[in-house]
Amino acid sequence: MKLWQALREARVVDLAHELRRGIPVSPNHPAFQLALLRRHGDMMRPDGGSAANEVIVMGGHVGTHLDALAHVSQDGRLHGGVVADEVTSHTGFAVHGVDSFEPLTCRGIMLDIAALHGVEVLPDDYVVTAEDLAAAEERAGVTVQAGDAVLIRSGWSAHYTDPARFLGQVGGAPGPGPAAAEWLATRRVAVTGAETIAYEAIAPGAGHATLPVHRILLVEAGINIVEVMDLSRLAETGAAEFGFVLAPLKLVGATGSPVRPLALLTS
């Protein structure tokens with residue numbers, strides 16, 4: 001079967017949240033804004049035609065997005081020991097910007113930690129462990145391999161329409177802890193994603209004071225992170241293994257980019 005024939009027959013599951021005014025945004029990043037710059041009728045062509053267009057303002061880490069390796073440093077150094085100050089300018093980063101992330105097609109694996117524990121949504125302060133990931137892997141009947149995209153479902157998308165709850169600044173938010181990050185790094189996954197505003201377990205009242213999982217994945221292991229995913233529709237399919245497509249905008253020197261990840265199912 002030709003590739004395009006297989007793609008034509010595949011079921012596509014959108015793993016991104018919509019971008020609109022009022023969506024949950026980390027207090028560290030500019031909120032999403034969209035406004036019409038020109039409305040139909042503001043300018044009319046001689047033949048009666050008219051065009052509308054908009055202006056969009058947002059941070060690179062708003063909505064479903066990819067963290068570039070330049071996003072986090074530790075003791076002044078980026079992944080590979082690169083000195084952050086030496087590759088930084090007013091136009092962004094000379095290395096490890098999101099433009100260095102090549103469009104990705106690979107096997108996707110969803111490890112459903114909420115389902116593993118028999119709940120729709122993990123508790124606000126739940127820390128996903130390496131044991132959780134291994135148990136979810138066994139439950140799904142898959143084995144995470146090098147080059148896979150591993151998505152961790154907490155069910156947190158259910159709170160997306162409640163920005164204060166979703167952000168977890170007060171009550172916390174579930175996510176992987178350092179041991180889970182090390183588990184993924186050891187398996188040399190290509191990329192990993194989750195549903196929360198930060199790919200971390202956020203303790204109640206702690207906010208984003210420390211981000212150890214970001215350090216392990218972005219700085220030490222060189223593994224990119226996708227945040228604010230919507231894994232609810234994928235969970236409804238029952239699929240744990242699927243084709244995965246991910247492509248950020250080619251924003252030269254940027255630390256992040258909006259993305260629209262896709263899961264491709266053949267049955």
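Scope of the values below: all heavy atoms of this structure, side chains included, with no hydrogens, waters or symmetry mates.
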Do [X] side-chain atoms and [Y] backbone N/O form a donor-acceptor pair below 3.5 Å?
X      : Y      : result
Glu200 : Pro176 : no
Glu227 : Tyr199 : yes
Asn224 : Asp67  : yes
Arg187 : Trp183 : yes
Ser257 : Gly60  : no
Glu137 : Val144 : yes
Thr129 : Asp132 : yes
Arg188 : Gln145 : no
His65  : Gly63  : yes
Ser89  : Thr91  : yes

Considering only heavy atoms from C-beta outward, does the side chain of [X] approach that of [Y] to under 4.5 Å?
X      : Y      : result
Ile223 : Ile225 : no
Leu231 : Met110 : yes
Val128 : Leu122 : yes
Arg233 : Asp230 : yes
Arg77  : Val83  : yes
Ile56  : Glu54  : yes
Ile23  : Val25  : yes
Phe93  : Val252 : no

Take atom CD of Glu138 as the centre, draw a 6.0 Å sphere, and report whether it contains more than 12 heavy atoms from other residues, nucleotides or ligands.
-> no
Any chance CD of Gln5 has more than 12 other-residue heavy atoms, nucleotides or ligands included, within less than 6.0 Å?
-> yes
For [X] versus [Y], what's the shortest heavy-atom pair and its separation?
X      : Y      : answer
Ala190 : Gly147 : CB-O, 3.4 Å
His79  : Leu218 : CB-O, 3.4 Å
Ala10  : Leu264 : CB-CB, 4.4 Å
Val127 : Ala201 : CG2-CB, 3.8 Å
Val150 : Val189 : CG2-CG1, 3.6 Å
Arg38  : Ala51  : CD-O, 3.5 Å

When hydrophobic residues are tied together by side-chain contacts of less than 4.5 Å, even through go-betweens, does [X] share a cluster with [Y]?
X      : Y      : answer
Val98  : Val228 : no
Leu69  : Phe101 : no
Leu234 : Leu262 : no
Ile197 : Val121 : yes
Phe32  : Val57  : no

Taking the six-membered ring for Trp, is the centroid-to-centroid distance between His61 and His71 below 6.0 Å?
-> yes
Is a salt bridge present between Lys250 and Asp99, judged by a nitrogen-to-oxygen distance below 4.0 Å?
-> no
Please report the interatomic distance [atom1]([X]) to [atom2]([Y]), rounded to the nearest 0.5 Å.
X      : Y      : atom1 : atom2 : value
Arg39  : Ser50  : CZ    : OG    : 10.5 Å
Leu133 : Ile152 : CG    : CD1   : 5.0 Å
Ile216 : Gln74  : CD1   : CD    : 10.0 Å
Trp156 : Glu195 : CH2   : CD    : 10.5 Å
Thr64  : Leu19  : OG1   : CG    : 7.0 Å
Thr196 : Asp124 : OG1   : CG    : 11.5 Å

Does the side chain to side chain contact (heavy atoms under 4.5 Å, CB included) test come out yes or no for Phe244 and Asp148, once each step is laid out?
-> CA-CA 9 Å; Phe244 184 73; Asp148 286 344; over 6 Å; no
Do Leu111 and Ile109 pass the side chain to side chain contact (heavy atoms under 4.5 Å, CB included) test, and can you show the C-alpha distance, the side-chain angles, and the key distance before you say yes or no?
-> CA-CA 6 Å; Leu111 300 181; Ile109 298 292; 3.8 Å; yes
Give me the ring orientation class for Tyr160 and Phe166: parallel if the planes are under 30° apart, tilted from 30 to 60°, perpendicular past 60°.
-> perpendicular
Decide side chain to side chain contact (heavy atoms under 4.5 Å, CB included) for Leu151 and Met229; before the verdict, give the C-alpha distance in whole Å, the side-chain angles of both, and the deciding distance to 0.1 Å.
-> CA-CA 9 Å; Leu151 313 181; Met229 301 187 79; 3.8 Å; yes
Side chains of Ser154 and Tyr126, donor plus acceptor under 3.5 Å = no
Qualifying residue, where the test is side-chain contact (heavy atoms from CB on, under 4.5 Å) with Val226 and the options are Val259, Leu15, Thr192 | Val259
